[in-house]
**Q** 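Once you've had a glance at the structure underneath, I'll fire off some questions.
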There are 2 protein chains.
Amino acid sequence: MEHPTRPRPAAPAARQASLREHNLALVARAVLDAAAPPSRAAVAQATGLTRPTVSTLVDRLLRARVLDELPPEQRRTAGRPAVPLVPAARTLVGMGLEVDVDFVGARVLDLAGNVVAERIDPGQLHDAPPQETLARLGEIARRLTDDVVRAGMTLAGAQLALPGLVDVHRRRLQVAPNLGWSSLDPVPLLGLPSSLDVGVANEANLAGLAQLRPADRSTTASSFLYVSGEVGIGAAVVLDRELYLGLHGWSGEIGHLPVDPNGPRCRCGATGCLEQYAGKDAILRAAGLAPSDPLAALRDLLDDGDAPALAAVGAAGRALGRALAATINLLDLDTVLLGGIYTDLAEDLRPAVRDELDARVLATPWSPTDLRAAPVADRAALTGAAQVVLRGVVDDPARFCEA
Amino acid sequence: MEHPTRPRPAAPAARQASLREHNLALVARAVLDAAAPPSRAAVAQATGLTRPTVSTLVDRLLRARVLDELPPEQRRTAGRPAVPLVPAARTLVGMGLEVDVDFVGARVLDLAGNVVAERIDPGQLHDAPPQETLARLGEIARRLTDDVVRAGMTLAGAQLALPGLVDVHRRRLQVAPNLGWSSLDPVPLLGLPSSLDVGVANEANLAGLAQLRPADRSTTASSFLYVSGEVGIGAAVVLDRELYLGLHGWSGEIGHLPVDPNGPRCRCGATGCLEQYAGKDAILRAAGLAPSDPLAALRDLLDDGDAPALAAVGAAGRALGRALAATINLLDLDTVLLGGIYTDLAEDLRPAVRDELDARVLATPWSPTDLRAAPVADRAALTGAAQVVLRGVVDDPARFCEA
DNA sequence: CGGCATAAGTTATTCCATACAACTAATGCG
DNA sequence: CGCATTAGTTGTATGGAATAACTTATGCCG
């Protein structure tokens, strides 16, 4: 059972072995989260465990191929040189899967954060039958799985990102308007071996999680609101590096926040939803482009100072700012990461969004909102999905330790 | 350090003693959450620990006066009769403190949930200087403390509920518009002995937490949105019995969700905020009453079928419904508890709120929203504040075990 | 070049919370 | 009165982690 965050606390039994598992995970996380490859002694320092304890735990993690040793480093100080520890590359890997309106794809990451294998198949998938699309994705997944297994890696699981309401506990898609899908059990349709653990989650939520680990190892905030602007608009609430999922995993449906009750009718039935102002199609249409036009066309218009395009982005920014202000008031976050098409439009959107945030966020005087482009932009959901699998490994490495 | 929920996960050290503490808390919680007083054997069953282990842990909790034994029950079945375990009454107690626009008060609860001591002082406190008001409250607190200590009880801590933006980590009040207070360190102004641990939190958040334990021991949902309608409107997000606090504890500021950008100007600077439609003063004014009129006056008008009153409540319900729909879309909750003045108005508000929820909540087809009056209505924040202290005791009973 | 300080990592021992198994205690039942 | 049954206790074993002492591998200084 892979979940975007660990399963509900439930009733935690508390035997003695839990201690070892807990500390094993603690050590693994310390190595993965470290700024530079730490020695056993440094891990002991960081975790509060003693050096002997860390040693035995590290040995176990080395045998499980969760960690790896680097050659002893040359130090300038006295003392025995440390053996730097790093997450193992190309051993345990996790697979992210995604279906979106214009592609299906899979990406395999290892614990070091490397993309080990990837395959993206573009195509217009709106209203394509789910059986067909998911079978196609399953085929890709199977091929990548074969590749990595042949290369000696162990696939720990997979996570499927879908642009819609996903029940993460039942692994069920309730509805994905932009795909034209509803009431679906997507996992069986992939046709993957049942031994492979496949979780399902919302695309924006997974993309949000991916922001926690930029490829350049720079640090992002550990709490933020990630907004994904696509045809629909989704969001992820991340607090203390944990995703807020809500009851089912449907949290973050920001696209239908009411911006103006007198506004245009939305396909959700209400009027004046955010999506009608700041959704991809809405922006393009307001800028005088067609929904099928590439985003670059809008970029060009903006760079040329085209008035309708500037007006479209301004209106989108104001609407987005209002919706974000409401969200921030409700959730008490101080960082907003602009994802999806908003990443490229960040500088164009900023003034209008800023104005609305400053005017409407109650906490502004004490905690002004940090508004920035999302650091991970390249199909972040795919990366986030794979990371969820790997997070499952790091949170319970005991599963992969035989002795 | 009392917090509405336990402090941030941070870096959990993991020594051997943690195991005992964890299991101690597990056993304590099992007894407190049980539907009927359980035996040691039943606790063992419930927790997954063995009977000998439970026995030693229970002994410790008995010595710490966290638990108590009842006289062995008469059973109809064979076997040695069980000794029922209950939370100890009148031993360890927690104090809730509250300042609101029309009263200051303190309430002391024991682990069994009994109100052990209470003192409410009504008064119009809008624009009263915080030094004075908090000193008054401190005086009450000191008197209650003396009473319970004299009666042999141990006061584990206190928690102060305030109607405003409270930074729970710094224990600081940023702003409380309805009190006319801002930028305040309230705890020192209470003048309580520094040995007493006093936390601070938002009134609506604490009232929301209180809903988890109705006095009649009936079960509420473990996840819900609690809405507190007063002069301002606040909310608490409770997921899996845990309060979502956000970064600072400012979550749940629902009162300034925009309902209609063309609506009346709000003192927050924006226009058409929820508070302008569904705040206590707004409803009373729209019903032709004065803000100072008691709620009963509105009740009478409604019962008489007074048209302006009905219209006022209808408008409030529609506005509230829209704001709640936005909140539910964002947070994925399926239960809304109406608190504050909304409790009494629940049946009057229901139709309009229902309509808006059904129309706007995306998840309605799969998870219709349960809308009901809050089960704990009698100054719930005061109760919730005391419970936060007691929760701290139950989560770490080792603090009170000497041996 | 050899002793010494220093830091990393390991080995041997102790400690302690829990599991396990066997016991005692207190009841109903035939 | 013996027996089955369930609650609770005692005594022993297990196994993680702490502690302290050790080994290893370096830089530094005379």
Side-chain angles (χ1 to χ4, degrees), chain A residues 12-27 30-31 34 36-63 67 69-85 397-398 401 403, chain B residues 12-28 30-31 34 36-63 67 69-86 397-398 401 403:
Chain A
R15 53 209 81 281
Q16 175 128 6
S18 348
L19 228 182
R20 186 174 84 206
E21 285 171 33
H22 176 93
N23 285 334
L24 207 61
L26 199 68
V27 168
V31 173
S39 64
R40 288 167 172 79
V43 171
Q45 185 93 28
T47 56
L49 296 167
T50 60
R51 294 207 306 281
T53 306
V54 170
S55 265
T56 57
L57 293 175
V58 164
D59 283 352
R60 242 185 274 259
L61 291 170
L62 289 172
R63 278 205 303 277
L67 298 183
E69 291 179 327
L70 292 183
E73 66 180 357
Q74 300 304 331
R75 326 169 82 267
R76 347 200 99 255
T77 79
R80 174 175 170 173
V83 179
L85 299 168
C401 297
Chain B
R15 53 210 80 282
Q16 176 126 7
S18 348
L19 227 183
R20 188 174 82 208
E21 285 171 32
H22 176 92
N23 284 334
L24 207 60
L26 199 66
V27 168
V31 173
S39 64
R40 289 165 171 80
V43 171
Q45 185 91 30
T47 57
L49 298 167
T50 60
R51 294 206 306 279
T53 307
V54 170
S55 265
T56 57
L57 294 175
V58 164
D59 283 352
R60 240 184 277 259
L61 291 170
L62 288 172
R63 278 205 302 278
L67 298 184
E69 292 180 327
L70 292 182
E73 65 180 357
Q74 300 303 331
R75 324 171 82 268
R76 345 201 102 253
T77 78
R80 173 175 170 173
V83 179
L85 299 168
V86 289
C401 297

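A, B, ... follow the sequence lines: proteins, then strands. Residue 1 opens every chain.
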**Q** Nearest whole Å is fine: how far is C:dC20 C1' from B:Leu49 CG?
**A**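 Taking CG of B:Leu49 and C1' of C:dC20, I get 14 Å after rounding.
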**Q** Just verifying a value: how many Å separate B:Ser18 OG and B:Leu24 CG, rounded to the nearest 0.5 Å?
**A**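 Separation between the atoms: 12.5 Å.
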**Q** Among C:dA19, C:dG9, C:dA17, find the nucleotide with the atom closest to the side chain of B:Thr50.
**A** C:dA19
**Q** Please give, in whole Å, the distance from C:dA26 C1' to B:Arg40 CZ?
**A**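 In whole Å, C:dA26 C1' and B:Arg40 CZ are 15 Å from each other.
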**Q** From the set C:dA8, C:dC20, C:dG28, return the single nucleotide nearest to any side-chain atom of A:Arg80.
**A** C:dA8
**Q** Is the phosphate of D:dG8, meaning OP1 or OP2, less than 4.0 Å from a side-chain N or O of B:Ser55?
**A** no
**Q** Give the minimum heavy-atom separation between A:Leu85 and A:Ser39, together with the two atoms involved.
**A**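 For A:Leu85 and A:Ser39, the tightest heavy-atom pair comes out as CD1-C, 4.2 Å.
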**Q** Nearest to the side chain of A:Pro52, which nucleotide is it out of D:dG27, C:dT10, C:dA8?
**A**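 Selected nucleotide: C:dT10.
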**Q** With nearest nucleotides of DNA chain C determined for B:Thr77 and A:Ala42 from heavy-atom distances, which residue corresponds to the more 5′ nucleotide?
**A**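 With B:Thr77 and A:Ala42 compared, the 5'-side residue is A:Ala42.
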**Q** For A:Ala78 and A:Thr53, find the nucleotide of DNA chain D closest to each by heavy atoms; which residue's nucleotide sits nearer the 5' end?
**A**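 It is A:Thr53, whose closest nucleotide lies nearer the 5' terminus.
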**Q** Rounded at 0.5 Å granularity, tell me how far OG1 in A:Thr47 sits from CG in A:Leu57.
**A** 8.5 Å
**Q** Could you state the CZ-P distance from B:Arg20 to D:dA17, rounded to the nearest angstrom?
**A** 17 Å
**Q** Work out which heavy atom in B:Arg60 is nearest to a heavy atom in B:Cys401; give both atom names and the distance.
**A**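 Of all heavy-atom pairs spanning B:Arg60 and B:Cys401, the closest is O-SG, 3.9 Å.
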**Q** Just checking B:Ser39: base, sugar-phosphate only, or nothing, at a heavy-atom cut-off of under 4.0 Å?
**A** sugar-phosphate
**Q** Scan A:Val83 against the nucleic acid and name what it touches under 4.0 Å (heavy atoms): base, sugar-phosphate only, or nothing.
**A**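 Here A:Val83 touches the backbone only, sparing every base.
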**Q** Expressed in angstrom and rounded to an integer, what is the separation of A:His22 atom NE2 from D:dG15 atom P?
**A**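 Interatomic distance, NE2 of A:His22 to P of D:dG15: 21 Å.
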**Q** Of the nucleotides D:dA18, D:dG8, C:dG9, which has the atom closest to the A:Arg51 side chain?
**A**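 Output: C:dG9.
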**Q** For DNA chain C, whose closest nucleotide is more 5', that of B:Gly79 or that of B:Glu21?
**A**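 Final value for this comparison: B:Glu21.
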**Q** With rounding to the nearest 0.5 Å, note down the distance linking OG in B:Ser55 to CG in B:Leu49.
**A**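 These two atoms lie 11.5 Å from each other.
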**Q** Can you tell me the distance, in whole Å, between the CD atom of A:Gln45 and the P atom of C:dG9?
**A** 13 Å
**Q** Roughly how many Å is it from CD in A:Glu69 to C1' in D:dA25, rounded to a whole number?
**A**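 Answer to the nearest Å: 15 Å.
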**Q** Can you check the B:Leu24 CG to C:dT18 C1' distance for me, whole Å?
**A**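 Roughly 14 Å, once rounded to whole Å.
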**Q** How many whole angstroms separate atom CG of A:Leu61 from atom P of C:dG9?
**A** 15 Å
**Q** Any idea which of C:dT18, C:dG28, C:dA19 is nearest the B:Asn23 side chain?
**A**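 So the side chain of B:Asn23 is nearest to C:dT18.
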